[in-house]
Amino acid sequence: MTPRHGTAQQQTRPHAAARPARWAADAVAVMREGARVRLDYSAQSLWRVDRMIEEIRREDAPYDAVRETLRGLGAYAGEVIVRHTGAEWWSSGGDHWIRTPDGRLWDPIDEARRCYAGGGSLRLLCRDALG
């Protein structure tokens, strides 16, 4: 991730947060209604999210079929970090990431993609961001 600071495209919260917050809320609703999994924006709930992504991966679902689900689950993880650290969503060029108060940048949406590929963890990303 190479966010460009000071560009005309860059936006901060609340405008940059609108889309990821909506994606996260949609993921919560889909998980509750479709998978009967309750997500409560707690760091502990990311264990369930990692397991859900692992189940999707084991089913060999094509990436194009799960792209929006992964985006929503990544946005959900980002919202967990935002709510527990006071981080803010940022966006540039259509990409969304969060900046924690200590200035570090995190890309939970891309981390969800890495989880699907078998090499990431939203739970561990959150742990690192909260730590």
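Heavy atoms only: backbone and side chains are in, while hydrogens, waters and symmetry mates are out.
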**Request:** Could you tell me whether the side chain of Trp90 reaches within less than 4.5 Å of the side chain of Leu105, counting heavy atoms only?
**Result:** no
**Request:** Hey, could you give me the CZ/CD1 distance between Arg104 and Ile98, rounded to the nearest 0.5 Å?
**Result:** 10.0 Å
**Request:** Please name the residue in the list Ile109, Ile81, Ile53 that meets the side-chain contact (heavy atoms from CB on, under 4.5 Å) test with Leu122.
**Result:** Ile53
**Asked** Taking the side chain as C-beta and beyond, is there a heavy-atom pair between Val66 and Arg57 under 4.5 Å?
**Response** no
**Item:** Spacing of Leu70 atom CG and Arg113 atom CZ [to the nearest 0.5 Å]
**Value:** 8.0 Å
**Request:** Just grab all the salt bridge (Lys or Arg N to Asp or Glu O under 4.0 Å) pairs involving residues 23-36, residues at least two apart or on different chains.
**Result:** Arg22-Asp26
**Message:** For Arg58, is there an ion pair with Glu54 - N to carboxylate O distance below 4.0 angstrom?
**Reply:** yes
**Prompt:** Same cluster for Ile56 and Tyr63 if Ile/Leu/Val/Met/Phe/Trp/Tyr side chains link at under 4.5 Å?
**Reply:** yes
**Item:** Euclidean distance, Thr100 OG1 relative to Leu130 CG, rounded to 0.5 Å
**Value:** 9.5 Å
**Request:** Indicate the ring-plane relationship of Tyr76 and Tyr41, choosing parallel, tilted or perpendicular according to the 30° and 60° boundaries.
**Result:** tilted
**Request:** Could you pull out the closest heavy-atom pair between Gly74 and Pro108, with the gap in Å?
**Result:** O-CB, 3.2 Å
**Fill in**
Between the CZ atom in Arg71 and the NE2 atom in His96, the distance rounded to the nearest 0.5 Å is 9.0 Å
**Message:** Can you confirm whether the side chains of Trp89 and Glu79 place a donor and an acceptor under 3.5 Å from each other?
**Reply:** yes
**Prompt:** Would you say Val37 and Leu39 make side-chain contact, with heavy atoms under 4.5 Å?
**Reply:** yes
**Message:** I need the minimum non-hydrogen distance between Val82 and Ala87, along with the two atoms involved.
**Reply:** CG1-O, 3.4 Å
**Message:** If we ignore hydrogens and angles and just use 3.5 Å, is the side chain of Ser42 paired with the main-chain N or O of Ser45 as donor and acceptor?
**Reply:** yes
**Request:** Sequence neighbours left out, what passes side-chain contact (heavy atoms from CB on, under 4.5 Å) with Leu124? Give chain and number order.
**Result:** Ser121, Arg127
**Message:** Set out, in order, the CA-CA distance, both residues' side-chain angles and the distance that settles side chain to side chain contact (heavy atoms under 4.5 Å, CB included) for Trp97 and Ser92, then state yes or no.
**Reply:** CA-CA 9 Å; Trp97 67 92; Ser92 179; 3.5 Å; yes
**Request:** Determine, stepwise, if the pair Val49 / Met52 fulfils side chain to side chain contact (heavy atoms under 4.5 Å, CB included).
**Result:** CA-CA 5 Å; Val49 173; Met52 291 295 300; 5.6 Å; no
**Asked** Within a radius of less than 6.0 Å around CZ of Arg48, do more than 12 heavy atoms belonging to other residues, nucleotides or ligands occur?
**Response** yes
**Item:** Heavy-atom pair of closest approach, residues Pro20 and Ala75
**Value:** O-CB, 3.3 Å
**Between CD on residue Glu111 and CG on residue Leu46, distance to nearest 0.5 Å** = 11.0 Å
